[in-house]
2 protein chains.
Amino acid sequence: MDCKFIEKASGAIADKYRLQILLALSEKGSLNNSDIQQMTGLSQPCVSHHVKTLIDSGLVNSQKEGRNQNLSLNKEGLKDLSGFLDKLT
Amino acid sequence: MDCKFIEKASGAIADKYRLQILLALSEKGSLNNSDIQQMTGLSQPCVSHHVKTLIDSGLVNSQKEGRNQNLSLNKEGLKDLSGFLDKLT
DNA sequence: TCTATATATTTAAAAGTTTGGATGTTTAGG
DNA sequence: CCTAAACATCCAAACTTTTAAATATATAGA
């Protein structure tokens, strides 16, 4: 089991804005950065940073479409983290 | 769903020493602070701080036995976090 | 009560994170 | 090619976390 992944993924969740992004992705299926900027009220660079953190963590996928970046949940990653927690008990 | 709990609990996992403690608790069932000090090589105050973080997060239970503090996994908390992740997908 | 052991608290330094302004890069559309 | 829109990067300030030394508190056992 990859502790580095667990650390990164749980760290990615441990922030109110990133948690808000994950919940919105879960609800809406996909979002781009300006959706997130509107939703959170954060600056564009700050959104870009949080989105990068989520992608790096393995919990979010990004797909370029022209100028836009379409984000979606990485269900594999979420299942891996949840599975790790289940195995602890 | 309690976002504050999700934030705190995932933040508690997002550290290599706390993750090591969780894994050891999973394997051994219970530990006290000096077990953790030996295991991690951290200073006593630092162990005390990490243990407090884990207890505050709701992922670890503590039970006083004389001078010792017996720690164990809070399976409820772990299940709540894992369940939250499952519901995202 | 005295001592040793287990844990907590205080404090401060070092390291890491979050944030937004300024600026850079890429691409769609005229 | 030019412009505007979407996103990334650089930078520095504010804030938070991690760490250990020093010190405090609590309890078991002589």
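Chain A is the first sequence line, chain B the second, and so forth, proteins listed ahead of strands; every chain is numbered from 1. Values in this document were obtained by computation on a predicted structure and should not be read as measured data.
In this structure, A:Asn70 atom CG and C:dT27 atom C1' are separated by 15 Å, rounded to whole Å. What separates CG of A:Leu54 from P of C:dT18 is a distance of 11 Å, to the nearest Å. For the pair A:Gln37 CD and D:dC7 P, the computed distance is 9 Å after rounding to whole Å. Separating the CG atom of A:Asp15 from the C1' atom of D:dC15 is a distance of 13 Å, rounded to the nearest angstrom. Counting to the nearest Å, the P atom of D:dT9 and the CD1 atom of A:Ile55 are 11 Å from each other. Rounded to whole Å, atom P of D:dA6 lies 18 Å from atom CD of A:Gln63. Rounded to a whole Å, the CD atom of A:Gln38 is 13 Å from the C1' atom of D:dA6. Here the P atom of nucleotide C:dG29 and the CD atom of A:Glu65 are 13 Å apart, to the nearest Å.
With distances taken from any side-chain atom of A:Asn33 to the nucleotides C:dG20, D:dC7, C:dT7, the minimum falls on D:dC7. Closest to the side chain of B:Ser48, out of C:dA6, C:dG20, C:dT9, is C:dT9. For B:Ser34, taking side-chain heavy atoms from C-beta onward, the closest of the listed nucleotides D:dC10, D:dA21, C:dT7 is C:dT7. Checking D:dA21, D:dC7, C:dT5 against every side-chain atom of B:Arg67, the shortest atom distance belongs to C:dT5. Checking C:dT19, C:dT9, C:dT18 against the side-chain heavy atoms of A:Arg18 singles out C:dT18 as nearest. When distances run from any side-chain atom of B:Ser43 to the nucleotides D:dA20, D:dC7, C:dT7, the shortest one goes to D:dA20. The side chain of B:Lys52 sits closest to C:dT9 out of C:dT9, D:dA20, C:dT7.
The side chain of B:His50 contributes an N or O atom lying less than 4.0 Å from OP1 or OP2 of D:dT19. Between B:Asn32 and C:dT5, a side-chain N or O to OP1/OP2 separation shorter than 4.0 Å is absent. At C:dA8, one or more side-chain N or O atoms of B:Gln69 fall inside 4.0 Å of OP1 or OP2 (strictly under the cut-off).
In this structure, CD1 on B:Ile21 lies 12.0 Å from CG on B:Leu59, to the nearest 0.5 angstrom. In this structure, CG in B:Leu88 is found 13.5 Å from NZ in A:Lys79, a value given to the nearest 0.5 Å. Interatomic distance, CG of B:Leu78 versus OG of A:Ser82, reported as 11.0 Å (0.5 Å rounding). In this structure, the separation between CG on A:Leu54 and CD1 on A:Ile36 is 7.5 Å, given to the nearest 0.5 Å.
Comparing A:Lys64 and A:Ala14 by the nucleotide of DNA chain C that holds the closest heavy atom to each, the one mapping nearer the 5' end is A:Ala14.
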(request) Show your reasoning for whether side-chain hydrogen bond (donor to acceptor under 3.5 Å, both in side chains) applies to B:Asn33 and B:Gln69. (result) CA-CA 7 Å; B:Asn33 287 23; B:Gln69 180 178 223; 3.1 Å; yes

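Put simply, the side chain of A:Gln44 and the base of D:dA6 share no donor and acceptor less than 3.5 Å apart.
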